[in-house]
Amino acid sequence: MSEHHLPRESLPSSAPATVTVFASPASWIESDALTQCQQVAALDGMIHVAAMPDLHPGKGAPIGAAMASTVLYPFLVGSDIGCGIAVFPIKLKRAVPERLASRFPDLDRALDPERDADDPAWVVVEGDVPAGHLEGLGTVGRGNHFVELARVDTILDAGHAARLGLNAGDLVLIVHSGSRGLGERILRAHTEVHGAGAAPDPAAYLAMHDEAVRWGSLNRRVLAARVAYALGAEPSEPIVDECHNLVEVRDGVYLHRKGAASGDGRDVLVAGTRGTASYLVAAHAGPEANHSVAHGAGRKMSRADALRRGRAKHTVEELRRTPVGSLVVCGERQLLFEEAPTAYKRIEQVIADLVEHRLATPVVSTIPLVTYKTPDLGSTSRPGPRGHRGARGRS
DNA sequence: ATGTAC
């Protein structure tokens with residue numbers, strides 16, 4: 001044994017952290033993700049790791065986990081501090097996907113206070129923007145982020161759905177986005193000095209973190225307002241808005257959530273894919289689950305695998321027009337493959353696992369009509385030279 | 001997931 005021996009017996013608590021995985025044997029969980037959970041459990045001060053059924057490997061830390069610790073680790077939240085999913089009711093006279101898809105605004109372009117001074121979406125910005133950060137406001141971002149027009153499909157808890165004002169056939173905007181450059185900057189400032197180490201001044205980190213959480217929520221409102229106006233509707237207050245990348249101080253410890261939503265008596269939209277249903281659930285997770293629930297279907301394949309296998313399996317056309325008849329607005333071919341429904345686990349299995357472990361009760365399911373990912377750069381799909389937009393990147 | 005570097 002060549003390990004250097006720390007005086008562990010002199011430390012106040014050396015009991016190893018517990019790891020609980022809330023997934024049935026039917027749910028495929030990648031072994032790399034479980035290894036990451038064990039690595040997190042071995043961190044100084046870690047108490048309990050609760051892994052959700054959408055668990056998959058992340059960069060350094062697992063995605064789909066809630067991690068309680070006496071020590072605050074910024075890297076366990078990651079760079080997209082404040083990322084979450086919100087649901088906004090929207091009323092439209094007609095909802096023909098083909099017509100509406102072309103009306104989505106360019107959500108790569110930030111709302112500019114001068115150039116877009118007259119944009120009505122500013123109404124949701126009351127007072128100052130958190131951290132004074134205007135850069136990127138109203139942009140959706142990349143990766144798994146999206147803005148989706150969806151239809152309420154099946155009512156699974158009539159009483160709860162009625163309390164939310166939801167009926168079968170109603171339309172909603174589902175917005176999945178976060179704090180864009182702001183959270184990234186906050187994590188980078190920490191990691192440049194301390195790497196994956198603890199926050200030396202938790203209060204200072206938390207002050208910036210809380211701004212990013214507020215910014216992420218504001219960004220989702222701005223996105224929903226931009227899209228609502230563009231589709232000829234009025235913006236609305238969200239009926240659900242839960243962050244799934246954050247740390248909260250709870251029962252005197254730091255509860256880190258990475259791809260896990262707050263599950264203590266709140267309603268959460270558990271996102272499916274760009275071609276399958278999503279589920280709005282009433283969450284009631286207890287301490288064994290670190291008061292958290294899953295945030296989505298969870299990746300089954302890495303982005304690299306999805307791209308490689310997707311090219312052999314799918315055409316761009318079938319990814320843009322999904323099996324449920326919805327349209328995907330996405331000018332980036334590579335992202336379309338990376339985000340293919342087949343790259344994700346079955347959302348019904350994730351929901352079944354939450355129900356089986358008594359973490360949540362389904363309220364309604366939604367079916368996508370139009371999912372916006374990136375601007376549609378001219379819909380004529382020329383074959384074009386392969387990979388000229390860069391085909392690398394690992395996350 | 002991100003802005004930036006290659």
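Lettering follows sequence order; numbering is per chain, from 1. All values reported here derive from a predicted model rather than from experimental measurement. Only heavy atoms go into these numbers, but all of them, side chains included; no hydrogens, no water, no symmetry mates.
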Please report, rounded to the nearest Å, how far the [atom2] atom of [N] is from the [atom1] atom of [X].
X	N	atom1	atom2	answer
A/I63	B/dA1	CD1	C1'	9 Å
A/K59	B/dT2	NZ	P	12 Å
A/R142	B/dA1	CZ	P	12 Å
A/K258	B/dT2	NZ	P	10 Å
A/H176	B/dA1	NE2	C1'	9 Å
A/L335	B/dA1	CG	P	10 Å
A/H295	B/dA1	NE2	P	7 Å
A/R257	B/dA1	CZ	P	19 Å

Check this one for me: any side-chain N or O of [X] less than 4.0 Å away from OP1 or OP2 of [N]?
X	N	answer
A/R188	B/dT4	no
A/R180	B/dT2	yes
A/H145	B/dT2	yes

For the backbone of [Y] and the side chain of [X], can you confirm whether one donor and one acceptor N or O come within less than 3.5 Å of each other?
X	Y	answer
A/T139	A/D108	no
A/E338	A/R303	no
A/R220	A/A224	no

Discussion item. What I want to find out is whether A/R180 reaches A/E135 closely enough, with some N-O distance under 4.0 Å, to be called a salt bridge.
Written reply: no
